[in-house]
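Single-structure report; data block below.
Just so you know, ligand 1 is whichever comes first in the structure, and atom 1 is the first atom listed for that ligand.
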Amino acid sequence: MKPLHYIYILAGIVLSSCDSGDIQEKVYTVDETGRTVKVTARVSGLGDWDGTGFTLAAAAFTQDSKFAILQQAVSSSLADGQEVTLVLSNISSEVQTVELALTNSLRKRIVTLGTVSMADYADNTARDTVRLDMGTVDASRTGILQAGIFDRACIQCHGASGRSAAGLNLTEGHSADALIDVPSTRHEGYLRVESGNPEGSLLHLILREGGENLLSHNHTEILSSQFKSNLEEVSTFIDSWIEQLRETP
Ligand code: HEC
């Protein structure tokens, strides 16, 4: 046979295999193996995490693990305030929550900003996309401290009203000013937060083991009841926030 004939035969094989229908069926099978979750947010403050190994990500967690089994990170090149959509697909049934979370380089959950519980969607078909719309997210260190910790565990007592416990307002826009280098009203000689010195700050002492009796309210218990699976990470995160205040002019 002349070389040209080989080419005709080859072309014939390629064309006929396209007709078989196998390829299309395979595509549909993939679609049905798991759910898709779409997380949208308008994010600012990501620059705080450059070079630290921490990332803001849409992350899927099973019940027993602090490590995301799947995650999609927000690109660090995102412009401040730009909207981003993170898509996690093929989420298996063992996944309990999908979260917008700060994770470390091992995908360990540090602090969570928003959560979808997959059990709430158990009745829907796997093809329905689950959405988590976070609106505007301040992902700076202070923003994550606020949304991930203070809003969740503190503002029910330390709210904005005149009856705020110890006169300490921990709501958004007020918490940093109320804490940083402000003398404690309960323990003379201490600052609520001493810039750059976690171990010397009352905030650190009341949240750590051993600080149970420093205030009339047991704050160690308050923190540990809210953050059962990531208490250590949350405490360390608070300390790292205090630590870096020294660098801020
Ligand atoms: C159940 C209510 C309650 C919750 C929740 C709570 N606190 Fe408090 N907090 C208090 C009360 C009451 C005091 C005053 C304690 C005292 O008189 O000994 C206080 C005092 C403090 C102080 C000392 C203020 C000072 O001037 O010395 C700090 C700091 C503080 N809280 C931080 C927090 C943080 C951070 C959280 C969240 C992790 C939190 N609190 C959650 C009730 C609460």
Side-chain angles (χ1 to χ4, degrees), residues 45 48-49 52 54 56 59 61 66 97 99-104 108-115 117 134-248:
D48 277 11
W49 308 108
T52 62
F54 292 100
L56 186 70
F61 295 93
K66 299 176 182 183
T97 56
E99 306 173 14
L100 183 66
L102 188 74
T103 58
N104 71 8
K108 193 176 192 181
R109 177 203 285 119
I110 309 298
V111 178
T112 295
L113 301 182
T115 303
S117 172
M134 295 291 305
T136 304
V137 171
D138 175 357
S140 66
R141 282 179 196 269
T142 305
I144 286 186
L145 181 74
Q146 184 67 48
I149 301 170
F150 292 166
D151 286 354
R152 184 163 152 195
C154 315
I155 61 170
Q156 56 273 44
C157 296
H158 296 286
S161 80
R163 292 180 310 152
S164 178
L168 171 60
N169 180 351
L170 291 181
T171 59
E172 190 181 352
H174 300 277
S175 53
D177 287 346
L179 288 170
I180 302 170
D181 299 325
V182 174
S184 159
T185 58
R186 295 297 187 270
H187 281 279
E188 215 177 319
Y190 279 98
L191 297 175
R192 287 171 170 170
V193 164
E194 185 180 340
S195 298
N197 182 11
E199 284 78 17
S201 298
L202 187 70
L203 179 67
H204 166 95
L205 297 170
I206 61 172
L207 298 176
R208 286 277 167 166
E209 233 174 280
E212 293 83 353
N213 301 317
L214 282 175
L215 299 175
S216 60
H217 267 65
N218 181 347
H219 279 63
T220 313
E221 165 69 25
I222 291 171
L223 199 71
S224 58
S225 66
Q226 284 292 331
F227 301 99
K228 292 195 176 70
S229 73
N230 59 333
L231 179 63
E232 192 50 41
E233 289 75 20
V234 163
S235 304
T236 308
F237 179 79
I238 294 172
D239 284 354
S240 75
W241 176 74
I242 299 175
E243 179 78 32
Q244 56 84 41
L245 290 171
R246 188 175 22 202
E247 298 148 23
T248 321

Minimum heavy-atom distance between Leu113 and Gly148, given as atom pair plus value:
CD2-N, 3.9 Å
Which residue pairs pass the side chain to side chain donor-acceptor pair (under 3.5 Å) test when at least one of the two sits in residues 209-229, sequence neighbours left out?
Arg109-Ser229
To check your reading of the model: name the closest protein heavy atom to atom 24 (C) of ligand 1, its residue, and the distance in Å.
Arg192 NE, 3.7 Å
According to salt bridge (charged side-chain N to carboxylate O under 4.0 Å, His left out), does anything in residues 137-156 pair up with another residue at least two apart or in another chain? List the pairs.
none
Ile149 side chain near Phe227 side chain, heavy-atom distance below 4.5 Å
yes
Shortest protein heavy-atom distance from atom 15 (C) of ligand 1, along with the residue and atom involved:
Ser216 OG, 3.7 Å
Is His174 reaching over with its side chain to a backbone N or O of Ala160, donor-acceptor style, under 3.5 angstrom?
no
Do me a favour and list the nearest non-hydrogen protein atom to atom 17 (O) of ligand 1 with residue, atom name and distance?
Arg186 NE, 2.6 Å
Report yes or no: does Ser161 contribute a side-chain atom to a donor-acceptor pair with the main-chain N or O of Arg163 at less than 3.5 Å?
yes
Which option wins on minimum heavy-atom distance to atom 35 (C) of ligand 1: Asp151, Leu203, Val193?
Leu203
Element-labelled atoms of ligand 1 that are located less than 4.0 Å from some non-hydrogen atom of Leu202
23 (C), 27 (O)
4.0 Å heavy-atom contact, His187 with ligand 1
no
May I have all residue pairs that pass salt bridge (charged side-chain N to carboxylate O under 4.0 Å, His left out) and include part of residues 175-199, sequence neighbours excluded?
none
Protein-derived N, O or S atoms lying under 2.8 Å from atom 8 (Fe) of ligand 1, waters excluded:
2
Can you tell me how far apart CG (Leu102) and OG1 (Thr52) are? Round to the nearest 0.5 Å.
7.5 Å
Nitrogen or oxygen atoms of Gln156 and ligand 1 under 3.5 Å apart
no
Shortest protein heavy-atom distance from atom 27 (O) of ligand 1, along with the residue and atom involved
Ser184 OG, 2.6 Å
Identity and separation of the nearest protein heavy atom to atom 5 (C) of ligand 1:
Ala153 O, 3.4 Å
